[in-house]
Protein chains: 2
Amino acid sequence: MAETGKEITIYDIAQKLNISAATVSRGLKDHPGVNKNTKRKILATANEMGYRSNSFASNLRNRKSNIIGVIVPRLNSNFMSDVIAGIEKVVNKAGYTLFISQSLELMQNEVSNAKAMFNNRVDGVLVSLAYDTTNIEHFEFFTKRDIPVVFFDRVIEHAKYPSICIDNYKAAYSLVSHLIEQGCKRIVHISGDQRRNVYADRTRGYQQALKDNQLPFDKELLIVNDLTKESAIAAAKKVLGMKPRPDAIFAANDYCAVNCILEIKKAGLKVPGDIAVAGFNNDQMACVVEPHLTTIDYKGFEMGEFAARMIINHLANPGELQNTHSLILRSELIIRESSLKKPAI
Amino acid sequence: MAETGKEITIYDIAQKLNISAATVSRGLKDHPGVNKNTKRKILATANEMGYRSNSFASNLRNRKSNIIGVIVPRLNSNFMSDVIAGIEKVVNKAGYTLFISQSLELMQNEVSNAKAMFNNRVDGVLVSLAYDTTNIEHFEFFTKRDIPVVFFDRVIEHAKYPSICIDNYKAAYSLVSHLIEQGCKRIVHISGDQRRNVYADRTRGYQQALKDNQLPFDKELLIVNDLTKESAIAAAKKVLGMKPRPDAIFAANDYCAVNCILEIKKAGLKVPGDIAVAGFNNDQMACVVEPHLTTIDYKGFEMGEFAARMIINHLANPGELQNTHSLILRSELIIRESSLKKPAI
DNA sequence: AACTTTTTTGCAATCGATTGCAAAATAAAT
DNA sequence: ATTTATTTTGCAATCGATTGCAAAAAAGTT
């Protein structure tokens, strides 16, 4: 078993077996040209001496780190935790490890994280953009060196970068259609920074659903803020003061929706009776608030798996960057009480 | 600026400046023995040629990875996201990067993650234990090689490993005392696996608070499960069926507490009127549920910072492992409506 | 037994950065 | 101008694993 103190190298194994380090190196990685018996011996001695491969030496020689970088806005959601788990699963199987960091929704951090990853020579990067990222020049370092960059969830339209996300437009469209179907006519949409696809697309879906149902789009009913609790409460208050009062709120995420519900109830109004509310993401708290929240569900684990596979594929078949453009995953409308004005049939 | 294609090494810089690679190496890291002018030139050329240090070569030579491993049960809470952010802050400042992985509450994953980190030659490891971890032999690899391991939050009593957590006993004691002070006499405690300090200590605090207030400890009132939503609901149902009916539930985490509240309300009873409820952790959802949840708050960011500092210190002053044993951070009782039987004074 | 073919192995260079030691260059002192 | 002290630099070995190429060993043919 492993001994204390000094590290064992292939040279130590070679010496003990009276063979060359080259053979040990080949033997350890099951090179076909090595005699089966020798291989067995090498493996046995390696184990017995407590050998562990030195990845620095190997990486140095191979000019490859076997590390995939992941930059996300925040790790604090079930969604993101699932994404990471999905990525880990695929990536580990392919022999890579992860280098994860959070931008905390600030472009500034995103930039420095990207630099750190570049300097650590990651073999590929998975990115979900920060709230306030205005450009993606900080990823050009990677493309210049042919290091694949894949965006997921918070993606950006760019010929160079493949991406994975759900159809936010369609999801929002179906959600708003549902609200309309429930009899809502003045639907407020609370969204985030319109530079982020997830918010812009949801807004478009909202607008199109209105249009397709002959409902006018009233600019006043579109509220864009930073989706924090405070902004959610402020937005809710604003809605409550509008005349005529809107009969529904579609918030771009669950946390915002939930805080709207609380605020509406605090004002003595009923959800969904007076105002129906819907969110996006199907967070845990969607089933904690009362009434439970109608929302859009999509699978983080799956998204992580796909994103990871995309990167791994690029690494396995370099030069095919252009083949895969973008991938759209499915999402699902989850109808709960917060939007049910009519009794369920 | 950075060129496309090939990587620049110190040899390229050396050649361009007609000096030796040794000087370039020293110049780049501000070695005192290098002429100021030469340094300036080296830095300038490095920039201009788009040089980035090759960490593999450097790590190989220095026998040091500058990577800190972090193993956590799950990344899905605000708490954990804050911890990671705190760790990142300290660790980055000291020139390290993070290698994060989740055990998903399974010892099996924790073991393989630990191995992966060991093989990647992390310089230190920060760990919060999985739900079902029964022993910590998988960390002996590290101690044998004098690689520091620091536990945080979900810690374990062990002379070899320093740890950081809050005083779960005291926190639970103060929380239960508060419930008693509100007039509760039959208090249920729902907890998790008692092998985890966080749960065992909370249970102890609960029991001691009862004792100090002349309340009998009824075994039936201590429910141990896995704290999932399903278990929470089952536990709540059990409580509702008890005779005489308990007048309070102290759950070992907020998610469990929240689901109890929902279940109690579903049964037509009032919280806190019929049954007071309290949780632990001050998750976002504590303020989503109605009534808002009384709970214990403690700062993940701080905990991350401290844990990281501890590891960094150990790395800076090796051999002082025994100096720092364990650190107890403060926590705070947050009283909200879910436990207020008496009107606030 | 001599020769050809096939399997196995080893030599030695390579991947870049680092650093002890000594040499060279410069500055200071005589 | 010499000698001594001080700064700067460079040489060359080292950190382990990898791999093209060639040599050695084993197996197969005549």
Side-chain angles (χ1 to χ4, degrees), chain A residues 2-3 5-43 45-46 49-67 95 118-123 145, chain B residues 2-3 5-43 45-46 49-67 95 118-123 145:
Chain A
E3 315 301 332
K6 87 180 270 291
E7 291 286 346
I8 304 299
T9 71
I10 51 170
Y11 298 97
D12 300 319
I13 300 179
Q15 196 171 31
K16 188 155 204 166
L17 292 176
N18 253 33
I19 56 178
S20 79
T23 304
V24 175
S25 172
R26 294 198 181 95
L28 285 172
K29 52 181 38 174
D30 212 22
H31 184 104
V34 176
N35 185 288
K36 274 197 176 179
N37 261 321
T38 322
K39 260 184 210 167
R40 229 194 303 279
K41 275 190 227 161
I42 292 174
L43 242 48
T45 333
M49 297 179 80
Y51 169 81
R52 55 171 177 166
S53 161
N54 188 318
S55 51
F56 310 141
S58 154
N59 290 343
L60 173 58
R61 176 61 214 231
N62 295 325
R63 302 152 155 284
K64 205 166 170 293
S65 67
N66 281 55
I67 295 174
F118 182 68
N119 289 328
N120 277 280
R121 290 175 143 70
V122 296
D123 291 334
R145 289 286 207 298
Chain B
E3 314 302 330
K6 88 179 269 291
E7 291 286 345
I8 304 300
T9 70
I10 51 171
Y11 298 98
D12 299 319
I13 301 179
Q15 195 170 33
K16 188 157 206 166
L17 290 176
N18 252 34
I19 56 180
S20 80
T23 304
V24 175
S25 171
R26 294 197 182 96
L28 284 172
K29 52 181 38 176
D30 212 21
H31 183 104
V34 176
N35 187 287
K36 276 197 173 178
N37 262 320
T38 322
K39 261 183 210 168
R40 228 191 306 278
K41 274 191 229 160
I42 292 173
L43 242 48
T45 334
M49 298 180 80
Y51 168 81
R52 56 172 176 166
S53 163
N54 187 317
S55 50
F56 310 140
S58 155
N59 290 344
L60 174 59
R61 175 63 214 228
N62 294 325
R63 305 153 151 283
K64 207 168 167 295
S65 67
N66 285 340
I67 294 173
F118 183 68
N119 289 328
N120 276 281
R121 290 177 146 69
V122 296
D123 291 334
R145 290 286 209 295

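These numbers come from the heavy atoms of this one structure, side chains and all, not from hydrogens, waters or symmetry mates. Keep in mind the model is a prediction, meaning the values are calculated, not measured. To find a chain, count down the sequence lines: A is the first, B the second, and so on, and within it residues start at 1.
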**Q.** Residues which pass side chain to side chain contact (heavy atoms under 4.5 Å, CB included) with B:Asp30, listed by chain and number, not counting sequence neighbours
**A.** B:Lys39
Q. Base, sugar-phosphate alone, or nothing: which one does B:Thr38 contact when heavy atoms must sit under 4.0 Å apart?
A. sugar-phosphate
Q. Closest approach of B:Asn120 and B:Ser65, non-hydrogen atoms and distance?
A. O-CB, 4.3 Å
Q.
Test of understanding: with salt bridge (charged side-chain N to carboxylate O under 4.0 Å, His left out), list the residues that count as partners of A:Lys41, not counting sequence neighbours.
A. none
Q: Name all residues meeting the salt bridge (charged side-chain N to carboxylate O under 4.0 Å, His left out) criterion together with A:Lys64; count only those two or more places apart in sequence or in a different chain, and write none if there are none.
A: A:Asp123
Donor-acceptor contacts, no H, no angles, side chain residues 49-61 of chain A, under 3.5 Å, sequence neighbours left out:
from    : atom 1 : to       : atom 2 : distance (Å)
A:Arg52 : NE     : A:Glu7   : OE1    : 3.3
A:Arg52 : NE     : A:Glu7   : OE2    : 3.3
A:Arg52 : NH1    : B:Phe118 : O      : 2.3
A:Arg52 : NH2    : A:Glu7   : OE2    : 2.6
A:Asn54 : OD1    : A:Phe56  : N      : 2.8
A:Asn54 : OD1    : A:Ala57  : N      : 3.2
A:Ser58 : OG     : A:Asn62  : ND2    : 3.4
A:Asn59 : ND2    : A:Ser55  : O      : 3.1

Could you write out each protein N or O paired with an N or O of nucleotides 24-27 of chain C at a distance under 3.5 Å?
none

Q. How many angstroms lie between atom OG1 of B:Thr38 and atom CG of B:Leu43, to the nearest 0.5 angstrom?
A. 11.5 Å
Q: Pull out every residue in residues 23-30 of chain B that has a heavy atom closer than 4.0 Å to any atom of DNA chain C, ordered by number, or say none.
A: B:Ser25, B:Arg26, B:Lys29
Which pairs would a plain distance check flag for residues 12-27 of chain A, meaning a side-chain donor or acceptor within less than 3.5 Å of a matching protein atom at least two apart in sequence or in another chain?
from    : atom 1 : to      : atom 2 : distance (Å)
A:Asp12 : OD2    : A:Lys6  : NZ     : 3.3
A:Asp12 : OD2    : A:Thr9  : N      : 2.8
A:Asp12 : OD2    : A:Thr9  : OG1    : 3.4
A:Ser20 : OG     : A:Ala22 : N      : 3.4
A:Ser20 : OG     : A:Thr23 : N      : 3.2
A:Ser20 : OG     : A:Thr23 : OG1    : 3.2

Q. A:Lys36 or B:Ser58: which one's nearest nucleotide on DNA chain C is closer to the 5' end?
A. A:Lys36
Q | Where chain A begins and ends its contact with DNA chain D, read 5' to 3' at 4.0 Å from heavy atoms | A | D:dG16 to D:dC21
Q | End axis versus end axis in the helix from C:dA1-D:dT30 to C:dT30-D:dA1, the angle rounded to 10°, five pairs used at each terminus | A | 50°
Q: Could you pick out which residue, B:Leu60 or B:His31, lies toward the 5' side of DNA chain D when each is mapped onto its nearest nucleotide?
A: B:His31
Q) B:Asn62 near the nucleic acid: base, sugar-phosphate alone, or nothing, with a heavy-atom cut-off under 4.0 Å? A) sugar-phosphate
Q.
With the threshold set at under 4.0 Å for non-hydrogen atoms, list the residues of residues 9-22 of chain A touching DNA chain D in residue-number order.
A. A:Thr9, A:Ile10, A:Tyr11, A:Ala22
